[in-house]
Amino acid sequence: MRYWLMKSEPSTYGIDQLAAARRKTDHWDGIRNYQARNFMREMKVGDQAFFYHSNCAEPGVIGIVEIAREHYPDFTAFDPKSSYYDAKSSASNPRWYMVDVRFVRKMKGAILLSEIKQNPLLKELRLVRRGNRLSVMPVTAKEWKAIIRMEKR
DNA sequence: GCCAACGTTGGC
DNA sequence: GCCAACGTTGGC
């Protein structure tokens with residue numbers, strides 16, 4: 001079982017939308033970065049991931065999700081009307097993939113990026129490494145525990 | 001809204 | 001294969 005961190009802009013898709021989805025499960029579409037895509041292809045059912053709110057007033061880890069379905073073609077790439085459309089991706093030769101995630105729980109309070117940056121145990125977390133804009137990234141078991149321990153009581 | 005740090009594209 | 005131009009991400 002592996003751990004991950006997945007970013008989403010709450011104005012586009014926040015954790016409450018996932019919690020309200022049918023079976024609390026939804027597909028994670030729109031990944032258009034090869035490194036992020038490759039990480040998604042490594043995900044297995046049952047892996048856990050932090051749901052991270054990015055590009056907002058208080059960026060941070062807002063909850064936990066689990067992988068409910070392993071990677072399959074991102075169909076939004078086939079839809080010319082989608083903002084995620086990519087003419088170079090086709091059903092017969094897909095370039096982009098998505099996974100399904102299931103809502104597990106929200107944190108008692110967001111674990112803010114500003115707090116994560118101050119934790120010496122999280123110095124190596126890709127999220128806080130210089131210039132890292134990956135929207136899907138692996139998290140080690142130690143980092144996972146360190147973030148969980150920062151949860152408010 | 002600004003802008004640094006990237007990733008991608010395309011001419012050559 | 002190089003690299004300038006451009007687009008995007010995302011914190012602030």
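Lettering follows sequence order; numbering is per chain, from 1. Everything numeric here is computed off the predicted structure, so don't read it as measured data.
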field: Candidates A:Phe75, A:Tyr34, A:Tyr84 - the one meeting ring-ring contact (aromatic ring centres under 6.0 Å, His included) with A:Trp96
entry: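 By the ring-ring contact (aromatic ring centres under 6.0 Å, His included) criterion, A:Trp96 pairs with just one of A:Phe75, A:Tyr34, A:Tyr84: A:Tyr34.
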Nearest whole Å is fine: how far is [N] [atom2] from [X] [atom1]?
X        : N      : atom1 : atom2 : value
A:Arg32  : B:dT8  : CZ    : P     : 13 Å
A:Arg126 : C:dG10 : CZ    : C1'   : 17 Å
A:Tyr84  : C:dT8  : OH    : C1'   : 12 Å
A:Gln35  : B:dT8  : CD    : P     : 9 Å
A:Asn33  : B:dC6  : CG    : C1'   : 10 Å
A:Asn38  : B:dG7  : CG    : P     : 13 Å
A:Leu127 : B:dC6  : CG    : P     : 14 Å
A:Arg129 : C:dG11 : CZ    : C1'   : 18 Å

query: Is it the case that A:Arg32 and A:Thr76 place a side-chain donor and acceptor less than 3.5 Å from each other?
result: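 Judged by distance alone, the side chains do pair up.
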message: Distance criterion of 3.5 Å, no angle test: do you see the side chain of A:Arg133 paired donor-to-acceptor with the base of C:dT8?
response: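 Donor-acceptor pair under 3.5 Å: yes.
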task: Between A:Asn55 and A:Arg95, just flag the one whose closest nucleotide in DNA chain B comes earlier from the 5' side.
output: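 Its nearest nucleotide lies further toward 5', so the answer is A:Asn55.
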Side-chain N or O of [X] closer than 4.0 Å to phosphate OP1/OP2 of [N]:
X        : N      : result
A:Tyr52  : C:dG11 : yes
A:Lys7   : C:dG10 : yes
A:Lys117 : C:dC12 : yes

- prompt: Can any side-chain N or O of A:Gln17 pair as donor or acceptor with the backbone N or O of A:Gly14 at less than 3.5 Å?
  reply: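 Yes, the answer is positive, given that a donor and an acceptor are paired below the 3.5 Å cut-off.
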Validation: residues 139-148 of chain A side-chain donor-acceptor distances under 3.5 Å, sequence neighbours left out:
residue, atom, partner, partner atom, Å
A:Thr140, OG1, A:Glu143, N, 3.1
A:Thr140, OG1, A:Glu143, OE1, 3.3
A:Glu143, OE1, A:Thr140, N, 2.9
A:Glu143, OE2, A:Leu125, N, 3.4

